[in-house]
Protein chains: 2
Amino acid sequence: MKKKITLKQIARELEVSISTVSKALKNSKEISKDTTEKIQAFAKLYHYKPNNIALSLKNKRTRNIGVIIPDIVHHFFTTVFRGIEQYADTKGYNVIACVSDESFEKEVINMEMLANGSIDGFILALSAETQQKKDFHHLMEIIDQGMPLVLFDRVADEVVCDKVVINDFEASYMATKKLIENGRKRIALITTESYLNVSEKRAQGYYKALKDHDLELDENLILRLPYQFEDEKKSEAFFASTIMDAVLCVNEIFAVRAMRIAQGNGKKIPEDIAFIGFTDGILSKLANPALTSIAQHGEQMGKVAAKMLIEKIERDDEIQQVESFKTAVIEATLIERESTINQIK
Amino acid sequence: MKKKITLKQIARELEVSISTVSKALKNSKEISKDTTEKIQAFAKLYHYKPNNIALSLKNKRTRNIGVIIPDIVHHFFTTVFRGIEQYADTKGYNVIACVSDESFEKEVINMEMLANGSIDGFILALSAETQQKKDFHHLMEIIDQGMPLVLFDRVADEVVCDKVVINDFEASYMATKKLIENGRKRIALITTESYLNVSEKRAQGYYKALKDHDLELDENLILRLPYQFEDEKKSEAFFASTIMDAVLCVNEIFAVRAMRIAQGNGKKIPEDIAFIGFTDGILSKLANPALTSIAQHGEQMGKVAAKMLIEKIERDDEIQQVESFKTAVIEATLIERESTINQIK
DNA sequence: TATCAACACGAAACCGTTTTCGTTGTTAAC
DNA sequence: GTTAACAACGAAAACGGTTTCGTGTTGATA
């Protein structure tokens with residue numbers, strides 16, 4: 001077993017000083033050609049690579065970025081993560097991933113763990129609990145320390161920092177409008193409890209579209225489900241008791257579940273009921289019938305977030321200019337598939 | 001903006017030495033009660049937290065573990081990752097996640113990046129390309145450096161280290177047997193090209209089950225698809241030209257796709273054709289009909305892998321005993337759903 | 001009063017780098 | 001024959017901690 005070799009060992013072995021070795025490896029012209037070659041040959045032979053930790057300590061930058069997401073087993077977050085990882089990779093950054101599990105406390109703990117030197121900046125989507133409590137002191141502290149932070153998807157107006165979101169309101173408006181134009185009159189909305197800012201915005205888009213097309217808002221057409229808990233009973237009761245000809249869902253899981261219940265009740269999709277869901281993941285593509293959905297372009301979102309973060313990190317190194325924060329908006333796209341394709345009657 | 005405070009600053013401010021501050025914060029009995037209290041109060045006021053990088057350099061351990069997976073947007077790997085992250089979290093470790101994208105080169109580069117001090121150990125599933133090339137020199141080097149390594153799922157016999165796998169052979173055997181016992185005679189297998197060791201093992205289990213039940217192996221019943229590339233044409237041709245009453249698929253995506261094609265051809269599931277897939281993910285649960293599948297227990301796999309790794313890391317600290325490597329086998333479970341539930345005829 | 005332990009603290013080494021600032025020895029210029 | 005310039009290298013500080021090993025001051029003891 002050969003432990004990694006250090007500058008000191010090379011220096012001792014070759015009977016030169018540590019500084020000479022360091023300089024030789026960087027092709028400094030201070031060092032003679034002879035010595036340089038000798039040192040480089042030796043270093044190569046022993047696979048010398050500088051120790052990242054020592055470099056981090058010296059340079060005060062780790063080339064690590066911290067990503068905290070509420071849930072990794074969730075298609076949307078996974079794609080965002082992938083975008084982040086891909087972009088970070090091209091820039092020579094590593095990604096430390098933490099999962100908050102929708103818990104405020106885990107979010108805080110994870111942030112504290114990483115904030116003490118392990119990373120150069122954060123990319124984060126707020127946990128459900130954090131959004132509910134509206135307690136953002138941990139984020140404020142991070143910002144106050146001068147550590148770059150980018151919020152994505154689950155953002156909060158109270159936190160002043162760079163953000164990446166999709167145009168939830170407009171996308172939802174557009175989807176609802178599409179259903180209306182297809183002749184649907186009784187359009188249901190299946191959403192989460194309202195503390196999630198994205199669900200709220202999507203609901204707003206739905207309201208506005210109804211209003212603009214002179215359809216009245218019927219509270220009976222709205223089903224609010226707990227975010228993760230699978231409340232099949234509630235959904236079944238909803239479908240049994242409600243007359244509708246279209247459904248808009250704030251995520252694809254809700255949509256696919258709802259489709260199955262409707263089909264179980266003998267409804268034809270899209271003839272009797274049309275469906276549209278947010279999150280264009282594998283579920284939408286492989287559902288039966290294939291689900292029309294709103295692509296959130298998670299991967300692109302991740303890329304943009306990573307780009308914003310890394311730019312800020314590397315700009316911080318230069319000069320401390322006036323702080324300015326941007327919010328990037330990714331345009332959602334409606335992907336039409338079988339669940340809406342046929343015009344009604 | 002308040003940058004993080006250091007021991008040195010506290011020492012200067014309180015006019016004591018750095019060592020005194022360090023000791024006081026650790027409640028060393030060397031330091032008087034007065035001084036200790038004063039220092040602790042000051043430290044608390046300024047939210048002092050030791051710098052992780054400095055600690056890592058000193059202690060030669062980072063409390064980071066590196067995870068390299070072929071693809072994060074893949075339900076199975078995602079669940080494994082989650083298991084790793086959860087367990088690591090309880091032990092105070094962070095997880096640095098890299099995606100090899102099934103590429104040998106990215107796998108090597110990622111490993112080299114992390115191996116220079118950034119982490120204390122690796123958890124890794126081989127990329128498809130690595131398995132194809134059978135080039136494991138990068139893993140050998142890591143092992144040679146004395147860095148703990150745990151391979152999971154996509155493992156290789158040539159690499160001597162700790163491993164976590166599922167009993168692919170037995171699970172496949174069991175699933176095939178189940179189909180046979182249900183009266184199925186012509187059981188198809190949809191698998192990947194054979195360089196993936198897991199697919200190979202699953203195919204072997206399938207062969208063995210057929211043989212043990214006096215069913216002959218018909219090559220026409222086997223469809224080999226490229227791992228990621230979606231070859232709809234090939235699948236459609238397969239279903240159009242082949243008579244079968246059951247299908248075993250090496251992953252749930254293949255299974256759900258296949259079900260849709262079969263349904264498109266007017267087949268009833270499970271009456272005409274039964275389906276079983278590997279990977280019990282959300283797709284299986286929400287497919288229509290719900291897919292009977294083999295749960296690989298990714299989360300548990302991740303936990304076990306993380307446990308093995310962390311134990312090795314922390315044991316390394318103590319004494320250098322004789323190296324011994326284990327292979328943990330996670331038992332797969334068959335989850336029966338609608339796609340197989342009815343007995344044939 | 002000399003001796004000694006206990007107490008409370010500081011100096012310095014160390015982890016592995018980078019980098020600034022000497023310090024040599026040689027050579028060219030005057 | 002001085003001096004200045006330069007080439008080639010080393011010493012040391014710095015990054016932010018931990019830890020070992022002094023050391024000076026007390027108070028108690030013989």
Side-chain angles (χ1 to χ4, degrees), chain A residues 2-40 42-43 46-64 113-120 145 317, chain B residues 2-40 42-43 46-64 113-120 145 317:
Chain A
K2 308 173 292 198
K3 279 260 170 239
K4 302 231 77 172
I5 197 170
T6 69
L7 283 189
K8 189 193 276 197
Q9 293 171 43
I10 300 184
R12 183 147 32 85
E13 214 63 35
L14 262 39
E15 299 185 303
V16 291
S17 76
I18 295 179
S19 1
T20 303
V21 179
S22 175
K23 288 169 190 165
L25 292 175
K26 310 189 107 63
N27 289 308
S28 159
K29 59 227 152 309
E30 269 186 74
I31 307 299
S32 73
K33 196 149 167 291
D34 272 14
T35 318
T36 300
E37 279 170 2
K38 190 174 62 178
I39 291 177
Q40 289 190 355
F42 190 90
Y46 284 92
H47 300 111
Y48 171 79
K49 288 277 169 52
N51 179 303
N52 287 332
I53 298 292
L55 286 182
S56 294
L57 184 58
K58 183 105 244 281
N59 303 330
K60 290 168 155 284
R61 43 204 313 276
T62 60
R63 299 194 84 83
N64 287 154
M113 269 194 83
L114 295 183
N116 299 308
S118 301
I119 59 167
D120 298 336
Q145 281 170 27
D317 285 355
Chain B
K2 308 172 292 198
K3 279 260 169 238
K4 304 231 78 174
I5 196 171
T6 68
L7 283 191
K8 189 192 277 196
Q9 293 171 44
I10 300 184
R12 183 145 32 85
E13 213 64 35
L14 262 39
E15 299 184 302
V16 291
S17 76
I18 296 180
S19 3
T20 303
V21 179
S22 176
K23 288 169 190 165
L25 291 175
K26 309 189 108 65
N27 288 308
S28 159
K29 58 228 153 306
E30 268 185 77
I31 308 299
S32 72
K33 197 151 167 289
D34 273 13
T35 318
T36 299
E37 278 170 3
K38 190 175 61 176
I39 291 177
Q40 289 190 355
F42 190 91
Y46 285 91
H47 301 112
Y48 172 79
K49 288 278 170 53
N51 179 303
N52 287 332
I53 299 292
L55 287 182
S56 294
L57 185 58
K58 182 103 243 273
N59 302 331
K60 289 164 156 287
R61 43 204 313 276
T62 61
R63 298 194 86 81
N64 287 154
M113 269 194 83
L114 295 183
N116 300 308
S118 301
I119 58 168
D120 297 335
Q145 280 168 27
D317 285 356

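These numbers come from the heavy atoms of this one structure, side chains and all, not from hydrogens, waters or symmetry mates. Residue numbers begin at 1 in each chain, while the letters A, B, ... track the order of the sequences.
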Next on the checklist: In whole Å, I'd like the distance from the CG atom of A:Asn116 to the C1' atom of D:dC15.
Outcome noted: 16 Å
Next on the checklist: Heavy-atom nearest nucleotide on DNA chain C for B:Glu30 versus B:Leu57: which residue maps closer to 5'?
Outcome noted: B:Glu30
Checklist entry - Side chains of A:Val21 and A:Leu14: does their closest heavy-atom pair fall under 4.5 Å? => result no
Next on the checklist: Does a side-chain N or O of B:Ser22 approach OP1 or OP2 of D:dG17 to a distance below 4.0 Å, or not?
Outcome noted: no
Checklist entry - Taking only N and O in the side chain of A:Lys26, is any of them less than 4.0 Å away from OP1 or OP2 of C:dT18? => result yes
Next on the checklist: Quiz question: going by heavy-atom distance under 3.5 Å, is there a donor-acceptor pair between the base of C:dT17 and the side chain of A:Lys58?
Outcome noted: no
Checklist entry - Between A:Lys60 and D:dG16, does any side-chain N or O lie under 4.0 Å from OP1 or OP2? => result yes
Checklist outcome for this item: Note: for B:Thr20 and B:Ile53 on DNA chain D, the residue whose nearest nucleotide lies more 5' is B:Ile53
Checklist outcome for this item: To the nearest angstrom, the CZ-P distance between A:Arg12 and C:dC14 comes to 12 Å
Next on the checklist: What's B:Thr6 touching, base or sugar-phosphate or nothing? Going by heavy atoms closer than 4.0 Å.
Outcome noted: sugar-phosphate
Checklist entry - Contact class for A:Ser56 vs. all strands (heavy atom < 4.0 Å): base, sugar-phosphate, or nothing? => result nothing
Checklist entry - Please give, in whole Å, the distance from C:dA8 C1' to B:Glu37 CD? => result 15 Å
Checklist entry - Can you tell me if the side-chain N/O atoms of A:Ser19 get under 4.0 Å from OP1 or OP2 in C:dT18? => result no
Item to check | Contact under 4.0 Å: B:Ser32 side-chain N or O vs C:dC9 OP1/OP2 | outcome: yes
Item to check | Between P of D:dG16 and NZ of B:Lys23, the distance in whole Å | outcome: 20 Å
Next on the checklist: What is the separation between atom CD on A:Gln9 and atom P on C:dG16, rounded to the nearest whole Å?
Outcome noted: 8 Å
Checklist entry - Taking only N and O in the side chain of A:Tyr48, is any of them less than 4.0 Å away from OP1 or OP2 of C:dT17? => result yes
Checklist entry - Please give, in whole Å, the distance from D:dA8 P to A:Lys38 NZ? => result 14 Å
Item to check | Side chain B:Ser28, main chain B:Ala24, donor-acceptor under 3.5 Å | outcome: no
Can you name the atoms? Protein N/O to nucleotides 23-28 of chain C N/O, anything below 3.5 Å, with the distance.
none

Next on the checklist: Regarding B:Leu7, tell me which of base, sugar-phosphate or nothing describes its non-hydrogen contacts under 4.0 Å with the strands shown.
Outcome noted: base
Checklist entry - A:Met113 and A:Ser118: which non-hydrogen atoms are nearest, and at how many Å? => result O-OG, 3.9 Å
Item to check | B:Ser56: which of A:Ile53, A:Leu57, A:Asn52 passes side-chain contact (heavy atoms from CB on, under 4.5 Å) | outcome: A:Ile53
Checklist outcome for this item: Heavy-atom closest pair (A:Lys23 atom, A:Glu30 atom, distance to 0.1 Å) is NZ-OE1, 3.4 Å
Item to check | Contact check, side chains of A:Asn51 and A:Lys4, non-hydrogen atoms, under 4.5 Å | outcome: no
Checklist entry - Side chains of B:Ile10 and B:Tyr46: does their closest heavy-atom pair fall under 4.5 Å? => result no
Checklist entry - Whole Å only: how far is the CG atom of B:Asp120 from the P atom of C:dC15? => result 18 Å
Next on the checklist: Could you report the tightest heavy-atom contact between B:Gln40 and B:Asn27, atom names first, then the distance?
Outcome noted: NE2-OD1, 2.8 Å
Next on the checklist: Categorize A:Lys8 for me: base, sugar-phosphate, or nothing, with a 4.0 angstrom heavy-atom threshold over every strand shown.
Outcome noted: sugar-phosphate
Checklist entry - Could you give the CD1-to-P distance, from B:Ile18 to C:dA11, as a whole number of Å? => result 10 Å
